[in-house]
Every structure is written in C-alpha cells, then in structure tokens.
Number of protein chains: 2
Amino acid sequence: MATEHSDPLTLEVVGLIGTVVARYYEEYDHAAAEHSLTGAQARVLALLSIRPMPMRRIAQKLKCEPSNVTGIVDRLETRGLVERRPDPSDRRVKLAAPTEKGRQTARQLRDGLNFAREPLADLSVEERTVLRDLLRRMLGDDAEE
Amino acid sequence: MATEHSDPLTLEVVGLIGTVVARYYEEYDHAAAEHSLTGAQARVLALLSIRPMPMRRIAQKLKCEPSNVTGIVDRLETRGLVERRPDPSDRRVKLAAPTEKGRQTARQLRDGLNFAREPLADLSVEERTVLRDLLRRMLGDDAEE
DNA sequence: TATTGTTATACTCTATAACTATA
DNA sequence: TATAGTTATAGAGTATAACAATA
C-alpha cells in the first residue's frame with residue numbers, strides 16, 4: 001500500500017518491460033506475416049497445434065467473444081490449415097483441429113520466432129536462471145499457467 | 001550461431017516473458033477501456049501527452065501507415081481529447097496535441113496502470129536492479145529508445 | 001431452460017492507392 | 001518533384017444481440 005511506485009528504478013524497469021512487449025509483438029507479427037497469417041490467426045493455429053479444442057475454449061483462451069472465433073477459424077479452414085470435427089460426446093460442440101499442413105505451418109512459425117534466440121543468447125546460464133526466478137516472483141501464481 | 005536455444009531453461013524464460021506480455025496488454029486494454037478508449041487511441045493519447053507531434057511522426061511511433069492515424073486522431077478529437085494545430089514552420093504539417101481534458105485523461109490512464117505496482121512491488125530494490133540490468137543486456141541498444 | 005456455435009450488425013484498426021496542398 | 005495529410009476502399013478483429021441445434 002505504502003510502497004513507492006514512481007521511483008526512477010521502478011519506472012525504468014516498467015519502461016524496459018514495455019520495450020520487451022513491443023519487441024515480442026513485433027517479432028510475432030513478423031513471423032506470422034511470413035506465412036500470410038494475422039496475429040490472431042497465428043495464435044489460434046499455435047493453440048490448436050498443442051491440442052484440438054472446442055470453439056468456445058478458443059474464445060476463452062483468446063479472451064474474446066465466441067462469435068469472433070467463427071471468422072478466424074473460417075479463414076484458417078479456407079486455407080486448409082484447420083478443420084472442424086464433430087465431438088462424439090456432445091453434438092453441439094465442434095472441435096477445431098489443425099490439418100497436417102496446419103501442424104507444419106505452426107512448427108515453422110515456432111522456429112521462425114527468434115525472440116528466444118538473439119535476446120537471451122547474450123545471457124549466461126546463471127543470468128538466465130536469475131531472470132527466470134525474478135520473472136516467476138513477479139508473476140506469482142500466473143507463472144504456472 | 002551454435003548457441004542452444006531449446007533448452008528447458010531458455011524455453012521457460014521465453015514462456016514467462018510471454019506471460020508478462022499477455023498481462024501487460026490485458027492491463028493496458030483494461031485501463032484504456034475504463035476511459036472508453038481503444039488500445040490504439042490510448043497509445044496515441046499517451047504519446048501526445050509526452051510531446052505534441054506531426055501526424056507522420058505518430059505513424060512512425062505506432063509502426064503503422066500514416067492514413068490510419070487520421071482516423072485515430074479524428075476520434076480523439078471528436079471526444080475533445082486532442083486537437084490539431086498548424087505548424088508555423090511548414091504549412092503542410094499538422095501538429096496533434098492533447099487538450100487539457102486529454103492531458104487529464106492521459107494522467108488517469110497512467111495512474112490506472114497497476115502493472116508497475118503489484119508485480120514489481122514483490123521485488124526488493126536490489127532485485128529490481130538486477131532485473132533492470134538483465135533486461136538492459138537482453139535488449140541491447142533498444143533499451144536506450 | 002441452458003449451452004454451443006453461428007449469423008447479422010456496427011465499429012475500429014489496418015494497408016493500399018489516389019488525391020490536395022504545400023514545399 | 002517530393003512530402004504531409006487526407007480520402008476511399010477493402011479486409012480483419014472486436015462486441016452485441018438474436019438465432020438454430022442440441023443438451
């Protein structure tokens with residue numbers, strides 16, 4: 001409560017995190033664009049390549065309304081990257097799943113993300129460990145997601 | 001070049017950064033929505049509250065096409081948060097500047113961003129210093145922006 | 001009745017291209 | 001000619017509300 005939040009050190013850290021965020025998004029969108037995918041499409045494809053899931057679940061993951069997912073999956077389906085399957089246990093549900101081409105694209109997308117490389121490559125294993133522990137502390141329970 | 005990037009430690013750090021990014025955007029959009037602003041509008045307003053600038057410069061900062069800035073500033077202007085002023089030294093240029101109401105909104109927006117608080121409050125000054133130095137190293141020259 | 005996914009609608013952001021007024 | 005800003009257009013993401021099929 002009485003903690004000071006506007007000291008120069010805290011402000012600089014916040015600023016640095018902002019730069020990290022900007023760089024992260026920039027690289028993600030760039031990697032997606034190389035496959036002619038928008039950021040949202042790439043996120044859904046990446047999500048489904050981990051595990052197929054109902055439309056509703058995708059909306060929860062994206063923190064958006066379910067009606068939006070229809071269009072995003074439509075566009076991925078048109079390009080043959082994703083398909084809709086019936087759920088045997090509940091006929092209301094449609095399971096979105098990547099096709100083989102979709103899985104391949106997701107893999108290339110992941111490999112194309114060099115955010116993991118350049119920036120972290122400059123840090124030693126010890127430094128990365130310290131960074132990991134600080135980020136874990138910063139994020140609290142969220143880090144387990 | 002020969003650096004290993006897929007070791008568990010690096011992957012975990014990348015994952016944690018992804019969580020930071022998600023949390024950052026979530027809080028930013030939430031703070032903006034409390035003032036009925038979109039993310040883009042809030043970003044432009046925050047930018048102008050630092051310093052008025054030509055439309056073209058805003059586009060560079062947002063990394064988008066100049067034509068998009070017209071609409072974003074239009075909507076901010078309609079709400080009385082921003083105004084366009086002529087540039088005495090070049091009559092082609094329009095300087096976008098926040099109104100008093102705009103400056104006030106930008107200030108409230110900044111105060112509403114508790115990303116700086118909760119997460120970093122758990123870290124000591126020493127830990128924040130270590131985090132700052134690691135982030136600086138990670139970002140290289142970009143950190144000076 | 002409640003839930004899943006969809007459709008319809010409207011708004012915002014985005015890039016592209018063409019236009020205007022200045023330089 | 002080149003540049004700053006705008007307009008026009010089209011595609012994509014977003015929320016809201018209403019709908020059909022299923023539970």
Side-chain angles (χ1 to χ4, degrees), chain A residues 22 25-26 28-48 52-79 81-97, chain B residues 22 25-48 52-79 81-97 109:
Chain A
Y25 260 76
E26 210 175 317
Y28 196 91
D29 286 347
H30 182 261
E34 284 191 334
H35 295 274
S36 301
L37 292 170
T38 64
Q41 288 166 9
R43 256 185 300 278
V44 169
L45 186 58
L47 206 56
L48 298 181
M53 59 182 76
M55 305 294 283
R56 207 111 194 149
R57 185 89 191 90
I58 299 174
Q60 289 168 350
K61 285 286 190 183
L62 260 62
K63 295 190 213 291
C64 74
E65 292 301 314
S67 59
N68 301 323
V69 179
T70 300
I72 298 172
V73 170
D74 277 353
R75 289 180 271 278
L76 288 170
E77 197 166 29
T78 299
R79 293 185 45 188
L81 299 172
V82 159
E83 62 183 8
R84 277 179 247 233
R85 300 175 189 159
D87 180 341
S89 67
D90 185 339
R91 286 192 299 170
R92 291 174 304 183
V93 172
K94 288 177 189 169
L95 294 171
Chain B
Y25 260 77
E26 210 175 316
E27 294 204 2
Y28 197 91
D29 286 347
H30 182 261
E34 284 191 334
H35 295 274
S36 301
L37 292 170
T38 64
Q41 289 165 9
R43 257 185 300 279
V44 169
L45 186 58
L47 207 56
L48 298 180
M53 59 182 77
M55 305 294 283
R56 208 109 194 150
R57 186 90 191 90
I58 299 175
Q60 288 168 351
K61 285 285 190 185
L62 260 61
K63 293 189 214 292
C64 74
E65 292 301 313
S67 59
N68 301 324
V69 179
T70 299
I72 298 173
V73 170
D74 277 352
R75 289 180 272 279
L76 288 171
E77 197 166 29
T78 299
R79 292 185 46 189
L81 300 172
V82 159
E83 62 183 8
R84 277 179 248 232
R85 300 176 190 157
D87 181 339
S89 66
D90 187 336
R91 286 191 300 169
R92 290 175 304 181
V93 173
K94 288 177 190 169
L95 294 171
L109 203 78

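A note on names: the letters A, B, ... follow the listed sequences, proteins ahead of strands, and every chain is numbered from 1.
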Please give, in whole Å, the distance from D/dA15 P to B/Leu37 CG? 16 Å
Taking the side chain from A/Glu77 and the backbone from A/Arg84, do they hold a donor-acceptor pair closer than 3.5 Å? yes
Rounded interatomic separation in angstrom, taking CG from A/Asp29 and P from C/dC13: 16 Å
When you check the gap from the basic side-chain N to the acidic O, do A/Glu83 and A/Arg85 get nearer than 4.0 Å? yes
State, yes or no, whether a side-chain contact exists between B/Arg43 and B/Lys61 at a heavy-atom distance under 4.5 Å. no
Quick one: A/Ile58 CD1 to D/dT14 P, roughly how many Å, whole number? 13 Å
Measuring from the side chain of A/Arg84 (C-beta onward, heavy atoms only), which nucleotide among D/dT16, C/dT6, D/dG5 has the closest atom? C/dT6
With nearest nucleotide decided by heavy atoms, which residue, B/Val69 or A/Gly39, maps closer to the 5′ end of DNA chain D? B/Val69
Has the side chain of A/Arg92 got a donor or acceptor atom sitting under 3.5 Å from an opposite partner on the base of C/dT3? yes
Checking B/Leu47 against B/Leu62 for the side-chain contact (heavy atoms from CB on, under 4.5 Å) test, could you report, in this order, the C-alpha distance in whole Å, the side-chain angles of both residues, the deciding distance, and whether it holds? CA-CA 10 Å; B/Leu47 207 56; B/Leu62 260 61; 4.1 Å; yes
Candidates C/dT12, D/dT7, D/dA12 - which lies nearest the side chain of B/Asp74: D/dT7
Under 4.0 Å, heavy atoms only, any strand: does B/Thr38 hit a base, just the sugar-phosphate, or nothing? sugar-phosphate
Separation of D/dG13 P from A/Lys63 NZ (nearest whole Å): 19 Å
Whole-Å distance, A/Glu65 CD to C/dT6 P, equals 15 Å
Donor/acceptor link under 3.5 angstrom from A/Ser67 side chain onto base of D/dT16: yes
From A/Thr38 atom OG1 to A/Leu76 atom CG, the distance as rounded to the nearest 0.5 Å: 7.5 Å
Would you say a side-chain N or O of B/Lys94 is under 4.0 Å from OP1 or OP2 of D/dT6? yes
Using a cut-off of 4.0 Å on non-hydrogen atoms, how would the nucleic acid contact of A/Arg57 be classed: base, sugar-phosphate, or nothing? nothing
Counting side-chain heavy atoms from C-beta on, which of D/dA4, D/dT14, D/dT6 comes nearest to B/Val93? D/dA4
Would you say A/Arg56 reaches C/dA2's phosphate, i.e. side-chain N/O to OP1/OP2 under 4.0 Å? no
Can you tell me the distance, in whole Å, between the CD atom of B/Gln60 and the P atom of C/dA15? 14 Å
Between D/dT22, C/dT12, D/dT6, which one does the side chain of A/Asp90 approach most closely? D/dT22
Would you classify A/Arg91 as touching base, sugar-phosphate or nothing, given that sugar-phosphate means primed atoms plus P, OP1 and OP2, and contacts are heavy atoms under 4.0 Å? sugar-phosphate
Give one of base, sugar-phosphate or nothing for B/Arg43, where a contact means two heavy atoms less than 4.0 Å apart. nothing
note: A/Leu95, atom CG; C/dG5, atom C1'; distance rounded to Å ~ 12 Å
Do B/Lys94 and B/Asp87 touch side chain to side chain, with heavy atoms closer than 4.5 Å? no
Specify the separation, in whole Å, of atom CD of B/Glu77 and atom C1' of C/dT12. 18 Å
